[in-house]
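Everything below concerns the one structure shown next.
These numbers come from a predicted model, not from an experiment. Throughout, residue positions are numbered sequentially from 1 according to the sequence presented.
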Amino acid sequence: MKPTFPDIFDCVVVGAGHAGCEAAMAASTLGLSTLLLTINADRIGHLSCNPAIGGLAKGHMVREIDALGGHMGIWADKAGIQFRRLNTSKGPAVRATRAQIDRQAYMQAVQADIFRQDNLWVFQDMAERLLVENNRVAGVVTQLGQRFAARTVLVTTGTFLQGLIHIGQNNFAGGRLGDPASKGLSASLTALGLELGRLKTGTTPRLLADSIDFSKMEVQHGDSPPPGFSFHAPFNPLPQLPCHITWTNERTHEAIRTGFDRSPMFTGVIKGIGARYCPSIEDKVARFPEKDRHQIFVEPEGLTSPEIYPNGIPTSLPLDVQKAMLATVVGLENAQIVRPGYAIEYDFCFPTQLDPTLQVKTLPGLYLAGQINGTSGYEEAAAQGLWAALNAFCALNGREPFIPRRDQAYMAVLVDDLVTKGTEEPYRMFTSRAEHRLLLREDNADARLTAMGRDLGLVGDEHWALFSAKRDALDELLAGLRRTRIRPDAATCDILTRLGASIPGKAVSLGDLLRQPELTIERLEPLYPDIATASPEVLREVETIVKYEGYLKRQELLVARSAHLEFERLPEDMDYSQIAGLTREAVEKLNHVSPRTLGQAARISGITPAAMSCLEIHLRKLSA
């Protein structure tokens with residue numbers, strides 16, 4: 001039986017979306033007494049927007065979360081109804097996993113773990129105000145007047161802070177359609193000195209599946225066998241469903257244009273800045289008049305769900321325009337709207353007010369994670385929730401903070417971008433944001449991060465044993481391919497001819513042979529029988545390491561050349577106005593961000609090589 005609420009929690013997590021659930025599970029697993037405070041306990045783990053997890057760069061972060069001992073990948077594997085590997089014809093850096101998710105199955109998986117987790121309590125109420133004592137956070141006060149004392153507080157409020165929903169000229173308060181907005185917490189954050197801004201995101205109308213003619217659309221099946229996310233959890237996928245593809249057309253665009261004069265986007269009603277890379281359909285039609293069609297992915301919301309998600313047409317147009325628009329699309333001519341599309345505006349905190357642990361610089365013990373930091377996407381939120389929880393644990397236990405480098409994790413790129421460069425629009429992760437993306441592949445997320453998770457205590461014995469076995473098998477196979485040499489004798493030439501491989505002019509290792517573009521590692525089995533006993537995951541990773549060895553070494557060399565910048569610490573109380581040679585702009589930006597290292601300082605927008613020289617000279621003087 002779970003004990004009653006403690007008098008003081010080690011950690012209170014405000015919000016039970018993807019950031020909050022990941023944070024709560026990590027904190028409680030690490031032994032922190034944790035309270036998960038949510039407006040609606042029925043919606044814990046809810047997929048507020050599209051029914052999918054993963055994709056380019058996002059799938060990488062899901063695997064990183066899993067490698068560290070987090071849960072999003074496990075939950076997605078339990079609820080996935082279509083799994084696909086994207087970009088399989090391209091280089092390994094941009095190959096990624098994406099899964100369609102059964103909404104109800106996902107929430108059930110999340111809630112099953114949340115409610116049975118040791119050290120974790122759940123309470124349904126709305127956080128209204130933060131408590132502060134001795135210049136550090138001390139807990140929260142709720143709408144019902146409950147006071148929960150806490151040593152740390154993680155705020156993961158998603159789109160709920162002063163949320164305002166727009167459908168045409170109608171607007172009303174809400175954190176998402178059907179849930180109330182959080183009214184008081186924004187004022188509390190502002191009173192504590194934090195600067196808030198306003199962002200906007202949108203979602204599509206949900207349609208009745210029985211009103212759609214799928215026979216007119218292109219079918220898109222998942223991969224068989226389905227590729228899961230988790231490195232270590234058992235994978236027993238649900239029955240798999242297809243998606244479908246259709247397109248807008250000029251009639252659709254004309255219907256959309258008729259609603260421009262009543263669009264909250266175009267009439268100035270919406271003040272928040274929207275996502276650059278996920279615009280509404282009316283925005284796409286207005287900005288790209290030369291395009292005669294836009295793709296719509298018609299996605300199932302579950303094995304038994306009556307609803308369909310038409311990905312690609314998020315909108316806040318009036319309901320009558322939404323209906324007219326859909327009636328022009330092939331296959332959706334008779335589609336019935338179950339829930340209208342809408343836009344939502346919400347408050348966020350400018351993330352340069354946080355240090356690299358995601359702790360508020362001016363208020364120790366307060367951490368922010370997810371959309372409150374200006375990001376968009378489930379995966380970005382979950383990664384931040386895990387990051388913040390790990391750092392709260394480290395702070396409470398006198399450990400060094402958890403701050404991987406940009407060459408070690410996509411989530412490190414995410415956090416570093418936020419706290420160093422900031423954002424004024426919804427931030428979405430792309431592979432192009434990572435300068436060392438060949439080192440940050442999906443397949444090696446465990447090699448990069450599982451040892452860190454083990455050191456922190458988040459990776460359990462079974463997970464660690466599986467990782468160690470895979471690591472040993474990979475090392476053994478890699479060494480065997482490099483060690484085993486073949487000569488172009490008659491027998492070997494016969495085998496290579498049957499494989500369609502080029503015959504080398506001298507003795508070479510199997511590793512050198514594998515670099516031939518036409519060869520895959522499986523085809524080398526006649527020359528190295530141990531290949532037959534290796535797992536597909538080990539085979540893929542070994543093949544990538546061998547074929548891209550030159551590129552990998554160059555990336556590692558670039559990392560090594562700049563490593564000294566990442567280890568050169570800057571004093572936290574540095575007054576940059578006292579450093580000779582810095583411009584006023586550089587002083588303002590350096591004082592605002594307060595970078596921890598020279599490397600972080602170099603990534604601040606507007607910090608020039610000349611400014612970096614001034615910083616390095618000043619540091620040498622300090623250490624002289």
Quick one, Arg176 with Ser48, criterion side-chain hydrogen bond (donor to acceptor under 3.5 Å, both in side chains). Give me CA distance, side-chain angles, the key distance, then yes/no. CA-CA 7 Å; Arg176 61 185 162 221; Ser48 297; 2.7 Å; yes
Just do the side chain to side chain contact (heavy atoms under 4.5 Å, CB included) check on Gln82 and Leu241 with the steps written out, would you? CA-CA 6 Å; Gln82 186 193 99; Leu241 295 182; 5.7 Å; no
For Asp347 and Ile372, what are the C-alpha separation, side-chain angles and deciding distance, and is it a side chain to side chain contact (heavy atoms under 4.5 Å, CB included)? CA-CA 7 Å; Asp347 288 347; Ile372 191 173; over 6 Å; no
Run the numbers on Cys394 and Leu456 for side chain to side chain contact (heavy atoms under 4.5 Å, CB included), then give the verdict. CA-CA 8 Å; Cys394 290; Leu456 288 162; 3.6 Å; yes
Glu128 and Ser188: CA distance, side-chain angles, deciding distance, side-chain hydrogen bond (donor to acceptor under 3.5 Å, both in side chains) verdict: CA-CA 7 Å; Glu128 286 282 300; Ser188 181; over 6 Å; no
Show, in sequence, the C-alpha distance, side-chain angles and deciding distance for Ile344 and Thr201, and conclude whether the side chain to side chain contact (heavy atoms under 4.5 Å, CB included) test is met. CA-CA 6 Å; Ile344 182 168; Thr201 189; 3.5 Å; yes
Is there a salt bridge (Lys or Arg N to Asp or Glu O under 4.0 Å) between Asp461 and Arg454 once you walk through the steps? CA-CA 9 Å; Asp461 291 343; Arg454 179 67 170 178; 3.0 Å; yes
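Taking all atoms of both residues into account, the shortest heavy-atom contact from Tyr367 to Thr357 is CD2-O, 3.6 Å. Smallest separation of non-hydrogen atoms from Gly20 and Thr156: CA-OG1, 3.3 Å. The nearest pair of heavy atoms linking Ile313 to Thr204 is C-CG2, 3.6 Å. Counting all heavy atoms, side chain and backbone alike, Ala52 lies closest to Gln100 at CB-OE1, 4.0 Å. Of all non-hydrogen atoms in Asp66 and His463, the two that sit nearest each other are O-CE1, 3.3 Å. Listed here is the closest heavy atom pair of Gly15 and Leu36: O-CD1, 3.4 Å.
Judged purely by atom type and a 3.5 angstrom limit, Arg406 has no side-chain atom pairing as donor or acceptor with the backbone of Glu435. Looking at Asn373, its side chain never comes within 3.5 Å of a backbone N or O of Thr375 through a donor-acceptor pair. Glu380 places a side-chain N or O within 3.5 Å of a backbone atom of Met429 that can act as its donor or acceptor partner. A donor-acceptor pair is defined here as one N or O able to donate and one able to accept, closer than 3.5 Å; such a pair exists between the side chain of Arg63 and the backbone of Phe229. Although no hydrogens or angles enter the test, the distance criterion places no donor-acceptor pair under 3.5 Å between the side chain of Gln111 and the main chain of Gly45. Of the possible donor and acceptor atoms, one in the side chain of Gln240 sits under 3.5 Å from a partner among the backbone N and O of Gly80. The backbone N or O of Ala392 lies less than 3.5 Å from no partner atom in the side chain of Arg151, so there is not a single donor-acceptor pair. In this structure a side-chain-to-backbone donor-acceptor pair under 3.5 Å is present from Ser33 to Asp10. Panel note: side chain Thr157, backbone Leu161; no donor-acceptor pair is recorded below 3.5 Å. Panel note: side chain Gln124, backbone Ala41; a donor-acceptor pair is recorded below 3.5 Å.
With rounding to the nearest 0.5 angstrom, the CG atom of Leu363 is 8.0 Å from the CD atom of Gln359. Here CG of Leu208 is found 9.5 Å from OG of Ser305. Values are rounded to the nearest 0.5 Å. Note: Asp416 CG to Ile403 CD1 = 10.0 Å, rounded to the nearest 0.5 Å. The line from CG of Leu37 to CE of Met126 is 10.0 Å long, rounded to the nearest 0.5 Å. Taken to the nearest 0.5 Å, the CE atom of Met72 stands 13.0 Å off from the CD atom of Glu64. Taking CG of Leu189 as the start and CG of Leu194 as the end, the distance is 5.5 Å to the nearest 0.5 Å.
Shown are Glu442, Glu299, Glu379; of these, the salt bridge (charged side-chain N to carboxylate O under 4.0 Å, His left out) with Arg98 is made only by Glu299.
Residue pairs meeting the ring pair (Phe, Tyr, Trp, His ring centres under 6.0 Å) criterion with at least one member in residues 414-454, sequence neighbours excluded: Tyr277-Phe430. Applying the ring pair (Phe, Tyr, Trp, His ring centres under 6.0 Å) test to pairs two or more places apart or on separate chains, those with a residue in residues 20-71 are His60-Tyr410, His71-Trp75.
Inspection of the Ser230 and Asp77 side chains reveals no N or O donor paired with an N or O acceptor under 3.5 Å. Side-chain contact, Gln162 with Ser186: no donor N or O sits under 3.5 Å from an acceptor N or O. Of the N and O atoms on the side chains of Gln353 and Thr362, not one donor lies less than 3.5 Å from an acceptor on the other residue. Side-chain contact, Gln371 with Thr159: no donor N or O sits under 3.5 Å from an acceptor N or O.
For Glu301 and Arg206, the salt-bridge test passes: some basic side-chain N is under 4.0 Å from an acidic carboxylate O. Lys271 and Glu345 are not joined by a salt bridge, as no carboxylate oxygen comes within less than 4.0 angstrom of a charged side-chain nitrogen. Ion pair Glu541/Lys470 flagged as a salt bridge, since at least one NZ, NE, NH1 or NH2 atom sits closer than 4.0 Å to an Asp/Glu carboxylate oxygen.
Between Phe160 and Asp179, the closest side-chain pair of non-hydrogen atoms falls below 4.5 Å. Tyr346 is not listed as a side-chain neighbour of Ser182, based on a closest heavy-atom distance of 4.5 Å or more. Annotation: side chain of Gln600 is in contact with side chain of Val419 (closest heavy-atom distance under 4.5 Å). Within the 4.5 Å cutoff, the side chain of Asn311 has no heavy atoms near those of the Pro51 side chain. Proximity of Leu466 to Thr450: side-chain heavy atoms (C-beta onward) are nowhere separated by under 4.5 Å. At a threshold of 4.5 Å between non-hydrogen side-chain atoms, the residues Leu386 and Leu458 count as touching. Taking the side chain as every heavy atom from C-beta outward, Leu30 and Leu390 approach each other to under 4.5 Å. Residues Val122 and Ile114 have side chains in contact (heavy-atom distance under 4.5 Å, counting atoms from C-beta outward).
Under the 30°/60° scheme for interplanar angles, the aromatic rings of Phe5 and Phe9 are found to stand perpendicular. Relative ring orientation between Phe402 and Trp387 is described as perpendicular, the plane-to-plane angle rising above 60° on a 0-90° scale split at 30° and 60°.
Annotation: Arg276, atom CZ; neighbour count of heavy atoms from other residues, nucleotides and ligands within 6.0 Å does not exceed 12. Summarising the local packing, CD of Gln295 is surrounded by more than 12 heavy atoms from other residues, nucleotides or ligands at distances under 6.0 Å.
Because its NZ or CZ atom is not both nearer than 6.0 Å to the ring centre of Phe393 and within 45° of the ring axis, Arg399 does not count as a cation-pi partner of that residue.
In this structure, Phe348 has its ring center closer than 6.0 angstrom to the ring center of Phe350.
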